[in-house]
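The figures that follow rest on heavy atoms only: side chains count, while hydrogens, waters and symmetry mates do not. Order of the sequence lines sets the chain letters (A, B, ...), proteins ahead of strands, with each chain counted from 1.
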Number of protein chains: 2
Amino acid sequence: MLTEVIDMLTERQLLLLQVIIDDFIDTAHPVGSRALAKKGDIPYSAATIRNEMADLEELGFLEKMHSSSGRIPSEKGYRYYVDHLIKPISNNKYNGIVSKLITEGIFEFEQVVQMSAEILSDLTSYTAIILGPEVFETKLKQLQIVPLTSQTAVAILITNTGHVEHRSISLPEAINASDLEKLVNIINEKLVGLPVVKLQDMFYTEIAQIMKQYLDDYEKSMQYLKAIFATDYPVKVYVSGKSNMLMLPEFNDINKVRSFYSLMDREEEIVNLLKDSTPGIEVTIGNENEIEAIKDFSLITSSLHHGKEQMGTIALLGPKRMEYRKVISLLKGLSNEMTNTLYMWYKNDD
Amino acid sequence: MLTEVIDMLTERQLLLLQVIIDDFIDTAHPVGSRALAKKGDIPYSAATIRNEMADLEELGFLEKMHSSSGRIPSEKGYRYYVDHLIKPISNNKYNGIVSKLITEGIFEFEQVVQMSAEILSDLTSYTAIILGPEVFETKLKQLQIVPLTSQTAVAILITNTGHVEHRSISLPEAINASDLEKLVNIINEKLVGLPVVKLQDMFYTEIAQIMKQYLDDYEKSMQYLKAIFATDYPVKVYVSGKSNMLMLPEFNDINKVRSFYSLMDREEEIVNLLKDSTPGIEVTIGNENEIEAIKDFSLITSSLHHGKEQMGTIALLGPKRMEYRKVISLLKGLSNEMTNTLYMWYKNDD
DNA sequence: AATTAGCACTCAAGGAGTCGGAGTGCTAAC
DNA sequence: GTTAGCACTCCGACTCCTTGAGTGCTAATT
């Protein structure tokens, strides 16, 4: 079946398509037959190239901006390019981003992720987006409550991945220092090792029971204390390199800039965009994207999985005219490495 | 002296200048004499207005974009406007941003600051920048070290303002759980209550002494442990509403967009910009700014002080054509409120 | 049969003219 | 001191033209 598709095109058309797309990715200018012939990559005259181009256009792989412009790749063209023409690229160029970070003494997963995003966007000059790692599977290592004043305190949750979550709470009047200590002990005893996402439920069932015995003013105190686990743990999004995009000729149109940045302000949409990706690299080109605002971008995602559980997503957003070759191999490398790191992380988890 | 300056201009010129600047702030279009006369704000003919405008231009308060355009305010014009024409505005329109946040149960200073920035930018549609609160004066409430694996741990510093700072460290081989506990106890005993900025020094002098007695492999262990206090506590910058700027007609020029966003990417420059402001509201217009990239913006800063110590800065960055009236009263209100809040915070500090 | 050369045609981009509108400065009249 | 009137200026939008890079098609060449 795969060969079928390839057979649709002659050897020469394949070569041509490849060269044209490469050229356009490089320069952002429509590619003309004459210019191509002169470049010397192709041993045919401009006329021949013209004929082939016409065929490729008829087949839907190329298109023109107007009747006498050169050709630019259509989305179908890019799709074909991504699926069939950039296979043989080895990803040996990848040199461990994560391992470098770790040798620099960065152990906290979130931080590793964040810095990876930065490196990724620097390396590609596109916008890097990293989701998660989701808190699914992340387990409570320890809870602490540190009183600040008589009415306020900070609750600190530490997870097995080295993530620290903290929030300020107000303290119930009825509680004193030793009560608080007891309470924290109970909570730790009962909840440590449990997945963070389940903490809220467990607090209501397990802990509430026990607290009834200890706390005088039970009802009221609960009021205050539930705040510790109240917020849903937000999926964290790290976006890096937004202003890289401004350098692209595609962004000479101010309205594109506006719509791009307004998307970037709507964090939830980005999360939705990346939330449900399947394992492996996935390339979505232009209108293949569901969100209006990125219909003339391409998005390349690679999701991190630990077992069946999705732990996060690494993505690069750039123009349709993306350097797919480079980006895909980078992303493959990075997500492999991250998955391994994840694995190691959870192995140490006892 | 002040009256002297005011006396430079006639009553009518004052009125005119005011109306012209108001109009330009509103519409971003150069203001013409005919249009002004028609609006009915001014009981003089277009010709009279023209004459006055010519005088105001000669005095340097107005300028033209080209020989037959309407007038726009010069920087000197804005300066005069800000210094003398918007005084009588009461700031009774301000309705406690911070107090609202606090009643919503937000106690941590950093979070209050961050959300204030968001509200501020929403309210003004300019870019809000908040610096700090600086960690000067912030004191250590508690230090904790939570081991994750046998080689790694998280160190958590909690300050009296409810700020939580955490970093991942690697553990020295020679240390075991009970050693670690002892160590943490020592550190807490000696360092709690000290200003966070002094911790690093104290660690080397006070703590190092004591540790020599307890730790076998002293030298090596110090290697690892100093990481806890190693990083300088970075001044935190909260920027909100960058994309608001894109809506301004001033930003139809893509190059301005580029230079603006590239400034926003260089956090240190922003910090430098705001670091050394004197108490009170300060307005810097256009070329009065030192940084090239904001020479056609205006920046309004208001610094938070606690006693003599600068605790942070609230700022709004917008076009020279800013709604100074509104912005200044807002900023006054907010910084008053924040200063008071700061004061309360530190009162509770024992 | 495949390739190439040649030619007529198309379109975008950029420069040169034209025109109307909104503004100005100046002078003379009120 | 104020206003009306008039000549003048400049921007921006519009049209017209030219140029260059491209195309499609046909006929000649290999």
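- At the phosphate of C:dT4, OP1 or OP2 sits under 4.0 Å from a side-chain N or O atom of A:T48.
- A donor-acceptor pair under 3.5 Å is absent between the side-chain atoms of B:E323 and the main chain of B:T124, judged by distance alone.
- In this structure, NE2 of B:H29 is placed 14 Å from C1' of D:dC11, rounded to the nearest angstrom.
- Whole-Å rounding puts the A:I49 CD1 to C:dT3 P distance at 12 Å.
- Distance, B:L16 CG to D:dT2 P: 12 Å, rounded to whole Å.
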query = Which parts of nucleotides 11-30 of chain C does protein reach within less than 4.0 Å, heavy atoms only, written one letter per nucleotide 5' to 3' as B for base, S for sugar-phosphate only and - for none?
reply = BS----------BBB-----
Report each atom pair, protein N/O against N/O of nucleotides 27-30 of chain D, whose distance is under 3.5 angstrom.
none

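- A:F24 has its CZ atom 18 Å from the P atom of D:dA21, to the nearest Å.
- Look at B:E288 and B:R79 and you find a salt bridge, because one of the NZ, NE, NH1 or NH2 atoms lies within 4.0 Å of a carboxylate O, short of that distance.
- With a 4.5 Å cut-off on side-chain heavy atoms, B:D22 and B:Q18 count as touching.
- Within the model, atoms OH of A:Y81 and CD1 of A:I86 stand 6.0 Å from one another, a figure rounded to the nearest 0.5 Å.
- The aromatic rings of A:Y80 and A:F61 sit perpendicular, their planes meeting at an angle over 60°, well past the 30° parallel limit.
- Put simply, CD on B:E11 is 17 Å from C1' on D:dG1, counting in whole angstrom units.
- The aromatic rings of B:F260 and B:F251 stand perpendicular to each other, their planes meeting at an angle above 60°, with 30° marking the opposite boundary.
- Taking the charged nitrogens against the carboxylate oxygens, A:R321 and A:D26 have no contact shorter than 4.0 Å, which rules out a salt bridge.
- Atom CZ of A:R12 is separated from atom C1' of C:dT4 by 11 Å (rounded to the nearest Å).
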inquiry  = Using the rule given for side-chain hydrogen bond (donor to acceptor under 3.5 Å, both in side chains), can you reason through B:Y44 versus B:R50, listing the C-alpha separation, both sets of side-chain angles and the distance that settles it, and then say yes or no?
reply    = CA-CA 10 Å; B:Y44 299 100; B:R50 264 202 298 284; over 6 Å; no
